[in-house]
Amino acid sequence: MPLNNQILHISAECYPAAKTGGLADVAGALPKYLNDLNYPSSVVIPKYALPWINKQEWQEVFAGSVWMGYYDLPFRVHTLTEDLLGFPLYVVDIPGKFDRPGIYADQYGNFYGDEVERFISFQKAVLRWVQSMEHRPSILHCHDHHTGLIPFFLKHCPEYESLKSIPSIFTIHNGRYHGSFGWDRRYLLPHFENHFGGLIEWNGAINPLAAGIKNSWRLTTVSNAYLDELRSDSAGLEWLLHEEWRKSVGILNGIDTNVWDPKTDASLSANLKNSASYFKRENKRPLCETFGLNKKWPLISFIGRFAIEKGADILPDVVYHTLSQGWSMNLFILGSGDPVLQDALNHLRHRFQGRYNTYIGYNEGLAHQIYAGSDFLVMPSRVEPCGLNQMYAMRYGTIPIVRRTGGLKDSVTDIGEPEGTGIMFNHVWTGDIMHAFDRAITLYEDKKKFQEVVAKNMELDFSWERSATAYINIYEDVKNERG
Ligand code: ADP
């Protein structure tokens with residue numbers, strides 16, 4: 001299977017093989033859509049001992065070894081025998097490093113602790129494999145810090161001299177994790193001249209995220225606003241992101257419009273036929289009946305992890321303050337995470353029966369029903385590199401109420417503006433969110449305007465085709481630069 005002229009995505013995660021978050025979604029969707037646009041793309045990830053990976057049939061395409069400073073580490077590259085995903089998926093089998101039942105942590109949530117060796121061995125193995133190819137990929141697209149050293153290896157390590165002309169793209173999905181480690185572990189890296197050391201260093205340590213930013217030909221993040229925010233808050237890399245502004249761009253992720261299709265989604269009580277108001281009504285009714293809510297009042301929902309970055313900690317306070325003042329509205333919360341929050345949200349059910357309910361847990365089918373059956377979806381996120389919920393919500397006719405941050409800022413405009421699609425607020429603060437809810441209730445009462453916004457939102461284009469085209473423009477740019 002030649003990789004000539006392909007984009008090779010190098011990632012720690014790829015849906016459905018290995019997923020902990022948005023990184024997997026992008027690595028599993030972008031190549032599929034690139035291929036659909038006749039832009040051949042493949043993905044390579046480590047071969048973890050995860051259920052999906054264990055279940056598949058694999059065929060070996062390469063066997064080699066990498067030098068880890070004081071020992072030689074053998075590895076093999078496998079690919080799927082069948083085209084299951086719409087793109088070729090390769091996995092690097094490195095015994096002792098990745099044949100474990102978790103990606104970064106075991107089943108009890110304990111981190112493995114040898115992340116540095118694991119991901120250096122993966123990066124070296126991928127390059128060793130690429131070197132062996134007669135026809136090589138045209139671009140290496142590296143994702144997050146786990147693959148951030150590759151752009152440096154390509155440019156400055158004599159061992160990879162033959163790959164020097166291959167452009168690298170680096171995408172930041174989550175800038176909080178840098179993967180830093182001390183210079184005492186330099187022996188794990190391939191040889192390079194000392195004076196290049198600064199190109200992988202930040203704050204006295206080897207910093208793979210910084211290395212990706214400094215050495216890649218182009219830098220992307222999963223939204224423009226997130227790129228801006230990283231320039232003022234990225235755990236110490238702010239100045240570097242300022243410096244590299246010329247080669248940086250934000251590209252909003254897409255959503256899988258085949259899975260998220262109101263016309264065919266099998267998880268819904270009613271599919272979209274001709275009338276959006278029928279679709280909304282017939283999905284709201286069963287949702288309200290099942291969870292004892294008042295279908296005459298607006299239904300504002302939340303879906304997500306109960307985590308600080310999602311602003312979930314503010315939810316009990318918001319529920320308490322809005323509903324104890326007797327506002328004519330319902331609140332519904334689907335999610336799980338912090339046990340203290342789960343308890344607090346559960347307790348409130350008794351107090352506000354008939355207007356509030358919660359489902360603690362992960363329930364994909366219910367999430368779809370909520371996107372279709374709610375009137376509004378609230379996202380009080382502190383950090384949201386891209387965010388998908390707001391896009392699913394709009395596609396299913398639910399108006400987003402979002403904090404002005406990251407990808408939310410890039411995908412929602414306030415209804416106060418022409419062509420507004422949602423309601424925006426500035427602070428993760430109960431007063432601000434209550435003000436946003438107040439605006440939501442007013443909009444809901446103005447039936448004509450409300451339905452106009454719903455109908456327009458359902459027509460918006462959040463498809464991956466749009467994002468994939470933006471990536472293609474970057475690939476074409478660097479190909480031209482290489483000449
Ligand atoms: P993140 O990856 O940071 O959690 P995203 O917005 O990128 O946030 O993706 C969240 C995805 O997970 C959405 O598809 C959302 O519907 C789904 N989700 C989150 N929590 C739940 C839950 N409890 N039940 C069902 N789906 C959930």
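Values below: all heavy atoms of this structure, side chains included; hydrogens, waters and symmetry mates excluded. Note that ligands are numbered from 1 as they come in the structure, with each ligand's atoms numbered from 1 the same way.
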Within residues 269-322 or reaching into it, pairs that qualify as ring pair (Phe, Tyr, Trp, His ring centres under 6.0 Å) - sequence neighbours excluded: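 Output for this query lists F291-F332.
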Donor + acceptor pair across side chains of T20, E13 (<3.5 Å):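 Yes, because at least one side-chain N or O of T20 sits under 3.5 Å from a partner of the opposite role on E13.
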Flag for Y396-D265: side-chain donor and acceptor within less than 3.5 Å: yes
Parallel, tilted or perpendicular: rings of H141 and H143 (30°, 60°):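 Correct class here is parallel.
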W239 and W202 aromatic ring geometry - parallel, tilted or perpendicular at 30°/60° bounds: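 Correct class here is parallel.
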Euclidean distance, F376 CZ relative to I300 CD1, rounded to 0.5 Å: 6.5 Å
For ligand 1, the residues whose heavy atoms come within less than 4.0 Å (ordered by chain, then number):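 Residues near ligand 1: G22, I303, G304, R305, K310, L334, G335, G361, Y362, N363, E364, A367, Y371, G387, L388, N389, Y392.
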